[in-house]
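Below is one structure; the comments refer to it alone.
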Amino acid sequence: TPLLKECPCCHKPDVSWLGVNGTLYCFRDHCDASRSSGGLKISEWATQNEHHEEVFELKAPSSHNAQLKSLPEIWEDIQQKDQEFIQIPATPRALLQDASPGTRKSTTALNQIVKLGENTSGFVEFAVPTHDLLQEKHHELTQEANARDIELDAMIWRGRDAKDEYGPLCTQPQRVKRAAEHHMSIYRGACMSCPSKDNCRYLKQYPRLGQLKKEVEEAKEDAVASKIAVLLSTHHGLWSLTKKELLNPDLIVLDEDPSN
């Protein structure tokens, strides 16, 4: 990971870097952003440092040949992308925002998804690298929608082995493992005959997903109503649902590189 020119907290050179979502980490144990203490979120360090734009010039390792941009240049790029995000396109197209960590790429995308609800109906898939980020993105979406008084339904899709506030979604992992070992369909080989299927929190996601899609289609037919539904999943979850032909979103947002 490229090092920052200077740590925004302790102001020492070449000792700090940015992790997921702009979290600041520093090698120095006495720094507020020390790696041993878990670092500082971008909301904690950027707002406290008036000169963070000056220290945000990243130093690339010698093996990294990409041209890195300064923070003001990246902000300008993101603002230009905003204008392309405003309407769901009638025909598929791709937008790529390549920028350094901590430049609010994810937040910008989430805010623009909410803005779509001002005059558009659509189904959006937002995919992140890990399950840990799903609740955070869900909170950001709902906060922005409430602030703008926009109707938005956001659903988190979790895999069988994921956990929610009640524990693992699948309570019979040994059945899944046996079905996989015998190269069977997990649903037919494990779920259909599972004694816990009626109360399975993983399986209960499917009808809710279907209901969300139905509500969006009804809103599209209504010339007056606008409704945005967002499914938040991991990159793997997006691939799995697409393979099952359960998704046909109007817009897909991939947060971070899914090929890693």
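All values reported here derive from a predicted model rather than from experimental measurement. Start at 1 with the first residue, then count along the sequence.
- Of all heavy-atom pairs spanning T234 and H131, the tightest one is CG2-N, 3.6 Å.
- Here L212 contributes atom CG and K227 contributes atom NZ; the two are 6.5 Å apart, rounded to the nearest 0.5 Å.
- Atom CG of L251 and atom CD1 of I228 lie 8.5 Å apart (nearest 0.5 Å).
- Using a 4.5 Å heavy-atom cutoff, the side chains of C200 and R160 are not in contact.
- Taking OG from S193 and OH from Y187, the interatomic distance works out to 10.5 Å, rounded to the nearest 0.5 Å.
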inquiry  = Between C9 and C26, is the side chain to side chain contact (heavy atoms under 4.5 Å, CB included) condition met? List the steps.
reply    = CA-CA 9 Å; C9 289; C26 183; over 6 Å; no
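- Here the shortest heavy-atom pairing between R175 and C194 reads NH2-N, 3.5 Å.
- Formation of a donor-acceptor pair under 3.5 Å by the Q205 side chain with backbone atoms of R158 is found in this model.
- E151 CD to N146 CG: the interatomic distance, rounded to the nearest 0.5 Å, is 11.5 Å.
- Rounding to the nearest 0.5 angstrom, the gap separating the NZ atom in K163 from the CG atom in D132 is 11.0 Å.
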request  = Could you give me the CA-CA distance, side-chain angles and deciding distance for E217 and K214, then say whether salt bridge (Lys or Arg N to Asp or Glu O under 4.0 Å) is met?
outcome  = CA-CA 5 Å; E217 291 306 314; K214 179 183 177 182; over 6 Å; no
request  = Go through the steps to decide whether H139 and E136 satisfy the test side chain to side chain contact (heavy atoms under 4.5 Å, CB included), and finish with yes or no.
outcome  = CA-CA 5 Å; H139 179 69; E136 176 184 325; 5.8 Å; no
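- Put simply, the side chain of L231 does not reach to within 4.5 Å of the side chain of P249, judged on heavy atoms.
- A donor-acceptor pair is defined here as one N or O able to donate and one able to accept, closer than 3.5 Å; such a pair exists between the side chain of R201 and the backbone of G167.
- What you find for F126 and I113 is that their closest heavy atoms are CD1-CD1, 3.7 Å.
- Using a 4.5 Å heavy-atom cutoff, the side chains of L238 and L254 are in contact.
- Annotation: side chain of F123 is in contact with side chain of L209 (closest heavy-atom distance under 4.5 Å).
- Residues A179 and S185 approach most closely at CB-O, 4.5 Å, considering heavy atoms.
- Heavy atoms only, all atoms of each residue included: S16 and P8 are closest at OG-CD, 4.2 Å.
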request  = Take C10 and H30 through the side chain to side chain contact (heavy atoms under 4.5 Å, CB included) test and state the conclusion after the steps.
outcome  = CA-CA 9 Å; C10 66; H30 298 296; over 6 Å; no
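- Taken together through direct or relayed side-chain contacts under 4.5 Å among Ile, Leu, Val, Met, Phe, Trp and Tyr, M192 and L169 form part of one hydrophobic cluster.
- Residue D153 holds its CG atom at 11.0 Å from OG1 of T142, rounded to the nearest 0.5 Å.
- With contacts defined as side-chain heavy-atom distances shorter than 4.5 Å, the pair C191/K197 does not qualify.
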task = Let me see the working for D161 and V176 under side chain to side chain contact (heavy atoms under 4.5 Å, CB included), right down to the final yes or no.
result = CA-CA 10 Å; D161 57 346; V176 174; over 6 Å; no
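- Counting heavy atoms from C-beta outward, V128 and K137 have side chains that approach closer than 4.5 Å.
- No continuous path of ILVMFWY side-chain contacts below 4.5 Å connects I186 to Y202, so the two sit in separate hydrophobic clusters.
- A 4.5 Å side-chain heavy-atom check between L141 and V114 finds at least one atom pair inside the cut-off.
- Residues S34 and S37 share a closest heavy-atom pair of OG-OG, 2.8 Å.
- Checking side-chain atoms of H236 against main-chain N and O of T130 turns up no donor-acceptor pair under 3.5 Å.
- For Y206 and W157, the gap between ring centers is short of 6.0 Å.
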